[in-house]
Colleague: 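Have a look at the structure that comes next, please.
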There are 2 protein chains.
Amino acid sequence: MAGSKGSKYYDIFLKFKVWLENTKGQGILGDGKFELLEMIDKHGSLSAAADKMGVSYRKAWGNVKEAEEKLGFLLVEKHRGGAQGGNSVLTPEGKRLVEAYKELLVEFDNAIHLITKKFFNKLNT
Amino acid sequence: MAGSKGSKYYDIFLKFKVWLENTKGQGILGDGKFELLEMIDKHGSLSAAADKMGVSYRKAWGNVKEAEEKLGFLLVEKHRGGAQGGNSVLTPEGKRLVEAYKELLVEFDNAIHLITKKFFNKLNT
DNA sequence: TATCAATATGCGAAAAAAAACATATCGCAA
DNA sequence: TTGCGATATGTTTTTTTTCGCATATTGATA
């Protein structure tokens, strides 16, 4: 819930976003891309991950590539050809990033919760 | 500084954004608009605020109007005509929001600082 | 060795967002 | 009563992003 009932701020909410940036100020990875990485990890391929997320393979592939270029190292180990056509798995670095990001989100949520409370308290003073 | 020296994460940073949203999921006010409100407060007019921020008056005006429409109440009291052509001052609600937001940012920065540290520690483990 | 599913990319269209341009209105003060 | 500077908007242009379509490559397996 946002502000207290009856307040003019009743249906207003605080939202936030966290992402990784490089020194050039370019965004690298945010919520969407992290979710994509998780899906790749879970399903074993970019195309399956894209499907599950309801985005085109073209877009998902482009996202991964862009992030990797900006980072300067690979997040996903891609294989093509073979009976299944190919597959993709996270690199150790990719896994690590995803893990760290997940924990980060939890802590962020906790912090936000407190801060939000204070914010609306102040507004309703 | 981001990761520890020599780390693969050396030149990567965590960034964040906070903003207000209404129940329809529409963004209302973020960093830029809050800064605009501060400038209006400081300079006494929308046009001066726009100048100082290096944006067009058209854009600044549109931003304020849009935010007010989504909030359902006024943030700025505008007057036109007169010797000076007109002027603008924050409404009490506008002032209140700006104040609360400023405090919010400080707390956010503190929280982020801690969380960022943990994040990179984990990556470099 | 032909097939098949997944990776890999280029490119043009379409949609969305931002910036620029053009006016109109308003009201005090000279 | 005219000029000036700020508010108020509609319209158009430009820029940026996103989407969709087409096409090539790869390699285990039947």
Side-chain angles (χ1 to χ4, degrees), chain A residues 17 19 21 24-33 35-71 73-91 94, chain B residues 17 19 21 24-33 35-71 73-91 94:
Chain A
K17 244 183 197 153
W19 68 95
E21 234 178 72
K24 296 179 208 156
Q26 300 176 306
I28 300 180
L29 283 170
D31 250 31
K33 287 174 191 167
E35 195 189 336
L36 178 59
L37 292 179
E38 281 188 72
M39 286 294 161
I40 292 173
D41 194 37
K42 186 170 178 184
H43 298 287
S45 83
L46 239 171
S47 64
D51 276 358
K52 294 293 177 185
M53 291 188 63
V55 304
S56 70
Y57 167 83
R58 180 69 182 75
K59 185 190 177 84
W61 174 84
N63 279 166
V64 171
K65 164 148 192 178
E66 194 195 340
E68 290 177 331
E69 281 170 355
K70 287 178 179 168
L71 279 170
F73 57 86
L74 296 181
L75 294 168
V76 180
E77 200 183 295
K78 293 143 247 165
H79 304 278
R80 65 175 174 176
Q84 276 64 50
N87 73 296
S88 297
V89 300
L90 298 191
T91 60
Chain B
K17 245 182 198 159
W19 69 94
E21 234 178 73
K24 295 179 207 155
Q26 301 175 304
I28 300 179
L29 283 170
D31 247 32
K33 285 172 191 167
E35 195 189 335
L36 178 59
L37 291 180
E38 281 188 72
M39 287 294 161
I40 292 173
D41 194 37
K42 185 171 179 183
H43 298 286
S45 82
L46 238 172
S47 63
D51 277 357
K52 296 292 177 186
M53 291 188 62
V55 303
S56 70
Y57 168 83
R58 180 66 180 76
K59 185 190 177 82
W61 174 84
N63 279 166
V64 171
K65 164 148 192 177
E66 194 195 339
E68 291 176 332
E69 280 171 355
K70 286 177 180 169
L71 279 169
F73 56 86
L74 296 180
L75 295 168
V76 180
E77 199 182 296
K78 292 142 250 164
H79 305 278
R80 66 174 173 176
Q84 277 65 49
N87 73 297
S88 295
V89 299
L90 298 190
T91 60

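Residue numbering restarts at 1 for every chain, and letters A, B, ... go by the order of the sequence lines. Below, all heavy atoms of this structure are taken into account, side chains as well, without hydrogens, waters or symmetry copies.
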Colleague: Please name all residues satisfying salt bridge (charged side-chain N to carboxylate O under 4.0 Å, His left out) with B/Lys65, sequence neighbours left out, ordered by chain then number.
Modeller: B/Glu69
Colleague: For A/Asp31, give me all partners under side chain to side chain contact (heavy atoms under 4.5 Å, CB included), at least two apart in sequence or on another chain.
Modeller: A/Tyr101, A/Leu105
Colleague: Can you measure A/Ile40 atom CD1 to C/dA6 atom P for me and round it to whole angstrom units?
Modeller: 14 Å
Colleague: Nearest-Å distance, CH2 (A/Trp61) to P (D/dT23)?
Modeller: 18 Å
Colleague: Considering residues at least two apart in sequence or located in another chain, which fulfil the salt bridge (charged side-chain N to carboxylate O under 4.0 Å, His left out) criterion with B/Glu35?
Modeller: none
Colleague: Using a 4.5 Å cut-off on heavy atoms from C-beta on, say whether the side chain of A/Ile40 contacts that of A/Val64.
Modeller: yes
Colleague: For side-chain contact (heavy atoms from CB on, under 4.5 Å), just list the numbers for A/Asn63 and A/Leu36, CA-CA rounded to whole Å, side-chain angles, deciding distance to a tenth of an Å, and then say yes or no.
Modeller: CA-CA 9 Å; A/Asn63 279 166; A/Leu36 178 59; 4.2 Å; yes
Colleague: Sorted by first residue and then second, give each side-chain hydrogen bond (donor to acceptor under 3.5 Å, both in side chains) pair with at least one member in residues 74-90 of chain A; sequence neighbours left out.
Modeller: A/Glu68-A/Lys78, A/Glu77-A/His79
Colleague: Sugar-phosphate atoms are those with a prime plus P, OP1 and OP2; base atoms are the rest. Using that split, label each nucleotide of nucleotides 24-30 of chain C B, S or - for protein heavy atoms under 4.0 Å, 5' to 3'.
Modeller: -BBBBS-
Colleague: Mind calculating the distance between NZ (B/Lys78) and C1' (D/dT9) to the nearest angstrom?
Modeller: 13 Å
Colleague: Starting at CG of A/Asn87 and ending at C1' of D/dT25, how long is that distance when rounded to a whole Å?
Modeller: 16 Å
Colleague: Is the shortest side-chain N/O distance from B/Ser88 to OP1 or OP2 of D/dT7 below 4.0 Å?
Modeller: yes
Colleague: Grab the N/O contacts between the protein and nucleotides 15-21 of chain D below 3.5 Å, and write none if there aren't any.
Modeller:
residue, atom, partner, partner atom, Å
D/dC19, OP2, A/Lys59, NZ, 2.6

Colleague: With sequence neighbours excluded, what pairs up with B/Trp61 under the side-chain hydrogen bond (donor to acceptor under 3.5 Å, both in side chains) test?
Modeller: none
Colleague: List in chain and number order the residues that pass side-chain hydrogen bond (donor to acceptor under 3.5 Å, both in side chains) with A/Glu38, two or more places apart in sequence or in another chain; answer none if no residue qualifies.
Modeller: none
Colleague: Please name all residues satisfying salt bridge (charged side-chain N to carboxylate O under 4.0 Å, His left out) with B/Lys42, sequence neighbours left out, ordered by chain then number.
Modeller: none
Colleague: Given D/dT9, is OP1 or OP2 found less than 4.0 Å from the side-chain N or O atoms of B/Lys65?
Modeller: yes
Colleague: Quickly work out the A/His79 NE2 to D/dT29 P distance and round it to whole Å.
Modeller: 15 Å
Colleague: Determine all donor-acceptor pairs shorter than 3.5 Å in which one atom belongs to a side chain in residues 44-58 of chain A; sequence neighbours excluded.
Modeller:
residue, atom, partner, partner atom, Å
A/Ser45, OG, A/Ser47, OG, 3.4
A/Ser45, OG, A/Ala48, N, 3.0
A/Ser56, OG, A/Lys59, N, 3.1

Colleague: What is the separation between atom CG on A/Asn63 and atom P on C/dT9, rounded to the nearest whole Å?
Modeller: 15 Å
Colleague: Which residues within residues 43-54 of chain B lie with some heavy atom under 4.0 Å of an atom in DNA chain D?
Modeller: B/Ser45, B/Leu46, B/Ser47
Colleague: Listed by chain and number, what are the side chain to side chain contact (heavy atoms under 4.5 Å, CB included) partners of A/Gln26, not counting sequence neighbours?
Modeller: A/Asn22, A/Lys24, A/Lys70
Colleague: In whole Å, I'd like the distance from the CD atom of B/Glu77 to the P atom of D/dA6.
Modeller: 18 Å
